[in-house]
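Reading through the structure tokens given below for one structure.
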Amino acid sequence: MGRERAQRESWGTRFGFLMAAAGSAVGLGNIWRFPYLTGENGGSAFIIIYLICIAIVGLSIMIAEFAVGRRTSLSAVGAYKSQNRSWTFAGVLGVISGFFIMGFYPVVGGWSLAYMLKSVTGLLALPEATADVFGAFISAPIEPLIWTIIFMALNIAIVAKGVAGGIEKASKVLMPTLFVLLIIIIFEGVSLSGSGAGLTYLFKPDWSQVTGETVLAALGQSFFTLSLGMGCMLTYGSYLSKKENIPVSALAIVVMDTAVAIMSGLAIFPALFAFGMEPATGPGLVFVVVPAIFAQMGNVGPVISLLFFAALTVAALTSSMSLLEVVVAYLIDEKEMDRKHATYLSSLVITIMCVFSSLSMGQMSGIKLFGVGFFDFFDILTDKIFLAIGGMLLTIFVGWFMKKEDLKNELTNDGTVAFGFFEVWYNLVKYVIPVVIAVVAVMGIAAVEQRNLMLFGLFMIILLGVFSKKL
Ligand code: PFF
């Protein structure tokens, strides 16, 4: 196992770690997915449930992942295995989740890259047609594929360089740009006439729309957006220095991530209502509404649009790098591969999956797995099942299979820093969160349309569990 080998890589600086972890958290989940889920789930009530999930479940699990990662100095699979072989499957489930998310995430990253170019080549000339342009673009066979491949190439170049040189360096420069751009867009959107309805939509809850499915969507999104439930933060924690204050870092990351999601909502909904568009447009939302806002800006529109999609691409990249890293770290730690080979091999498989996902938007839209296309298959399976169950397994593992003393030492750096909420955190992780996730999962699966797909996901997890010791 990795521990006996050459010294483990680690983060260069504290700021670098924070930016990389925040870079992993802040991504398409915040800017692309959060707004469209909010739109599909009726607005404010969804946001409130999401915020509760983040505060209670998300923050606690992030602290737990960092603690396990740093304690064991191993990535997901090794960390579980080193404590108890019957738990290997929980780590493997994480690696599979990483793979599956990478089965569609780079496709959206590719759309974002493409929109950088489109911003300055006429996209904004026809603001009424942004929806048609988007629809035509993603359903074309070749163009989106080329962009996906370019996006993957960027990932490979960075991850192959390792932790401090690649991932950390890129995140430090690119993340802050995003904040600034979002603020500009919010001001533009809110100043449009008719934007007030968007603010009402975001902040005045209508509870009549809430079902088990809404709650599962909010819970799944809180895992997705914080990069939890698949060993990503665990792996990042394994590169963390013993001096770092884990609870404080986790809180900072959660706050940043939530801020970006809410800012994205503010950037999109006021403008959407001002333009009289539909909130429930689905995955195209950001690609349709945001260009329409920029089109109103006159000459500077294309430049701001270019910058926005550049920042979105960067946010996507810092997240997809972390997803790829989970798979790569597994191959390095468990299969003894070197970093370069591990990166190339996993990227090749991922790119093939992405080809199917991209084509499922057009050419291959007729091919269904459990009633959905490839893109939705990877998306729904991870977001609605694997991450939440992965998170649940982690809390059970931490609460019931690790020593409380060890956890306390890890979270207080052997008593040198204070963590006043330790008992609260411990009881949440041990008793409350596993039950909450189980209840939400059952309610959600009962309400959800793609029930067979969900049951297939559960079956896969059980199968992994049965064969855990062989993994
Ligand atoms: N948190 C990322 C986002 O919001 O886009 C997506 C993600 C990255 C999910 C890493 C899971 C993960 F391990």
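Owing to the predicted nature of the structure, the values given are computational and were not obtained by experimental measurement. Each ligand, and each atom within it, is numbered from 1 in the order the structure gives. Every heavy atom of this structure was used, including side-chain atoms; hydrogens, water molecules and symmetry mates were not.
- For ligand 1, the atoms lying closer than 4.0 Å to a non-hydrogen atom of L323 are 8 (C), 10 (C), 11 (C), 12 (C), 13 (F).
- Nearest heavy-atom pair across A267 and I185 is CB-CG2, 3.9 Å.
- The number of heavy atoms from other shown groups lying within 6.0 Å of CZ (F356) does not exceed 12.
- In summary, the atoms of ligand 1 found under 4.0 Å from a heavy atom of M230, numbered by their order in the structure, are 11 (C), 12 (C), 13 (F).
- Looking only at distances, no side-chain donor or acceptor of Y115 sits under 3.5 Å from a matching main-chain atom of F308.
- By the criterion of a heavy-atom distance under 4.0 Å, both the backbone and the side chain of S227 are placed next to ligand 1.
- Closest to atom 2 (C) of ligand 1, if we only count protein heavy atoms, is S24 O, 3.3 Å.
- E410 and K242 are joined by a salt bridge, as a carboxylate oxygen and a charged side-chain nitrogen come within less than 4.0 angstrom of each other.
- Residues E334 and K81 are paired through a salt bridge, judged by an N-O separation under 4.0 Å between the basic side chain and the carboxylate.
- By the 3.5 Å distance cut-off applied to N or O atoms, V26 is not counted among the residues near ligand 1.
- Within the 3.5 Å criterion, the main-chain N or O of S468 finds no donor-acceptor partner in the side chain of R85.
- Remark: ligand 1 atoms within the under-4.0 Å shell around heavy atoms of T225 are 1 (N), 4 (O).
- Among all non-hydrogen protein atoms, the one lying nearest atom 9 (C) of ligand 1 is F224 O, 3.3 Å.
- Between S320, S319, A25, it is A25 that holds the heavy atom closest to atom 4 (O) of ligand 1.
- Within the listing of ligand 1, atoms 5 (O) sit less than 4.0 angstrom from a heavy atom of L28.
- When the options F34, Y105, F223 are ranked by their closest heavy atom to atom 5 (O) of ligand 1, first place goes to Y105.
- The two residues G27 and S319 have their closest heavy-atom pair at CA-OG, 3.4 Å.
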